[in-house]
K.L.:
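Quick one: the structure is below, and I'll ask about it shortly.
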Amino acid sequence: MNCPPDDPCFAAFPPAVLRPAELNSFSRGGGARTIPLVTRAVGAEVYLTGQTLFEGGAGIALHTHNCPESVTILEGDAIVEIDGVEHHVTRFDTTYVAAGTPHRFRNASATKPMRILWIYASVDATRTLVETGVTARVDAEHGKAAEGRNWHPDDPRELEGNTTPVITEIAQIEILAGQEKEFEAAVAEAVPFFLAADGCDGLDLHRSVEHPSRYRLTVRWETVEHHTVAFRTSEGFARWRALVGPHFAATPQVEHVISVLKP
């Protein structure tokens with residue numbers, strides 16, 4: 001987002017001094033711990049920042065984001081893998097990774113700590129694990145930190161029975177023949193409305209091979225009410241329907257499911 005200094009998009013940034021030693025942190029698992037800094041809690045509307053601390057030998061899983069990310073090494077030495085290529089980085093070295101690019105960091109030392117400062121180019125940043133395909137909002141992790149409990153975003157079990165089950169909305173959508181490209185573009189434009197919604201953990205759009213004008217939209221929610229009450233009464237839902245509605249050939253068929261078996 002490019003905003004001039006007097007643009008209202010900066011209005012929600014009141015002055016703040018954030019001291020990592022005084023803030024909540026949460027475990028990323030595997031010896032990594034994150035401290036959120038600039039978040040929605042302090043009025044962020046443009047970007048997110050925070051620090052992640054790695055114990056000796058610690059690392060995080062390979063993942064992608066839906067927006068660009070920049071990371072600066074604050075302490076120690078690290079190995080960063082970006083799109084299959086490993087780089088050795090040290091204090092004050094800085095990386096830039098485009099949206100959708102697989103990457104991960106690990107501590108290059110088996111004994112000394114390592115610390116990074118990360119910046120996401122959107123408050124609606126998500127993380128998708130390459131191994132599992134699980135997607136979650138970054139600020140959902142911050143919410144767990146605020147609750148004072150550990151949260152392992154690199155562990156897919158966090159989305160299973162150990163916490164509130166994820167509700168998956170499945171919407172079967174029939175599109176007017178010949179409008180497939182326009183519909184897909186409209187859904188892509190509407191993605192931020194979902195990711196900004198309370199309780200939304202990500203979405204996917206699938207197109208039928210046998211019936212090219214038939215799509216299935218799957219959206220992951222914390223509860224059914226996050227979809228049927230909070231989202232459906234929001235401005236984001238109205239904007240979503242305004243974008244995609246003209247392409248509907250029939251009223252979408254919607255149901256909610258939970259996972260009962262994951263071998």
Side-chain angles (χ1 to χ4, degrees), residues 1-5 7-13 18 20 26 28 32 34-54 59-75 78-106 114-143 145 151 153-154 184-197 200-205 220 236:
M1 178 181 293
N2 296 317
C3 304
D7 192 281
C9 72
F10 288 106
F13 280 88
L18 305 171
F26 62 89
R28 293 284 302 272
T34 284
I35 304 171
L37 295 173
V38 175
T39 66
R40 290 181 186 272
V42 296
E45 293 185 350
V46 179
Y47 58 85
L48 299 175
T49 73
Q51 295 182 8
T52 298
L53 294 73
F54 296 75
I60 56 179
L62 193 67
H63 60 278
T64 64
H65 299 295
N66 63 337
C67 65
E69 177 192 31
S70 180
V71 169
T72 298
I73 308 300
L74 299 181
E75 176 186 3
I79 301 297
V80 56
E81 178 183 341
I82 304 175
D83 206 14
V85 179
E86 291 192 344
H87 309 266
H88 182 273
V89 287
T90 191
R91 190 181 184 193
F92 301 142
D93 287 347
T94 299
T95 65
Y96 170 82
V97 176
T101 303
H103 62 285
R104 61 181 166 189
F105 283 82
R106 72 174 188 270
M114 187 266 287
R115 181 190 297 249
I116 64 174
L117 168 70
W118 46 259
I119 303 172
Y120 295 113
S122 171
V123 290
D124 297 314
T126 63
R127 177 184 290 102
T128 299
L129 302 183
V130 171
E131 181 179 2
T132 65
V134 171
T135 297
R137 289 177 62 95
V138 170
D139 59 8
E141 303 158 12
H142 302 166
W151 170 246
D154 297 330
E184 292 173 14
V187 174
E189 185 176 349
V191 165
F193 307 150
F194 285 90
L195 298 183
C200 181
D201 290 319
L203 70 158
D204 299 283
L205 181 67
R220 295 175 293 280

K.L.:
Does either side chain, that of T49 or that of W118, offer a donor lying less than 3.5 Å from an acceptor on the other one?
P.N.:
no

K.L.:
Checking T94 against S70 for the side-chain contact (heavy atoms from CB on, under 4.5 Å) test, could you report, in this order, the C-alpha distance in whole Å, the side-chain angles of both residues, the deciding distance, and whether it holds?
P.N.:
CA-CA 7 Å; T94 299; S70 180; 3.4 Å; yes

K.L.:
So, does D93 use its side chain to make a donor-acceptor pair with the main chain of A78 at under 3.5 Å?
P.N.:
no

K.L.:
Under a 4.5 Å cut-off applied to non-hydrogen side-chain atoms, are T64 and V130 in contact?
P.N.:
yes

K.L.:
Ignoring hydrogens and geometry, is there a side-chain-to-backbone donor-acceptor pair from T39 to P36 under 3.5 Å?
P.N.:
no

K.L.:
Find the distance between CG (D124) and SG (C200) and round it off to the nearest 0.5 Å.
P.N.:
10.0 Å

K.L.:
Taking the side chain as everything from C-beta on, heavy atoms only, tell me whether V71 gets closer than 4.5 Å to Y96.
P.N.:
no

K.L.:
Can you say whether the rings of H65 and H63 are parallel (under 30°), tilted (30 to 60°) or perpendicular (over 60°)?
P.N.:
perpendicular

K.L.:
Using the rule side chain to side chain contact (heavy atoms under 4.5 Å, CB included), only one of M114, R91, Q51 pairs with L74; which is it?
P.N.:
Q51

K.L.:
Is there a donor-acceptor contact under 3.5 Å linking the side chains of E69 and H103?
P.N.:
yes

K.L.:
For the pair E86 and R106, find out whether any cationic side-chain nitrogen is under 4.0 Å from an anionic carboxylate oxygen.
P.N.:
yes

K.L.:
Indicate yes or no: at least one non-hydrogen side-chain atom of R127 is less than 4.5 angstrom from one of Y120.
P.N.:
yes

K.L.:
About how many Å separate OG1 of T90 and CD1 of I73, when rounded to the nearest 0.5 Å?
P.N.:
8.0 Å

K.L.:
Within the 4.5 Å heavy-atom criterion, are I60 and F54 side-chain neighbours or not?
P.N.:
yes

K.L.:
For E189 and V191, what are the C-alpha separation, side-chain angles and deciding distance, and is it a side-chain contact (heavy atoms from CB on, under 4.5 Å)?
P.N.:
CA-CA 6 Å; E189 185 176 349; V191 165; over 6 Å; no

K.L.:
Going through the checks in order, is the side-chain contact (heavy atoms from CB on, under 4.5 Å) test met by V123 and V46?
P.N.:
CA-CA 6 Å; V123 290; V46 179; 5.7 Å; no

K.L.:
Begin from the C-alpha positions of V38 and Y47 and carry the test side-chain contact (heavy atoms from CB on, under 4.5 Å) through to its verdict.
P.N.:
CA-CA 8 Å; V38 175; Y47 58 85; 3.9 Å; yes

K.L.:
Once rounded to the nearest 0.5 Å, what's the spacing between atom OG1 of T95 and atom CD1 of I82?
P.N.:
5.0 Å

K.L.:
For L48 and A125, which heavy atoms make the closest approach, and how far apart are they?
P.N.:
CD1-CB, 4.4 Å

K.L.:
So do I116 and T72 actually touch side chain to side chain, heavy atoms under 4.5 Å?
P.N.:
no

K.L.:
At what distance, to the nearest 0.5 angstrom, does CD of E75 lie from CG of L117?
P.N.:
13.0 Å

K.L.:
Using every non-hydrogen atom in the two residues, find where T52 and A32 come nearest and quote the distance to one decimal.
P.N.:
CG2-CB, 4.3 Å

K.L.:
Please report the shortest heavy-atom distance between L129 and A61, naming the atom on each side.
P.N.:
CD2-CB, 4.5 Å

K.L.:
Between the side chains of T126 and T135, does any donor sit under 3.5 Å from an acceptor?
P.N.:
no

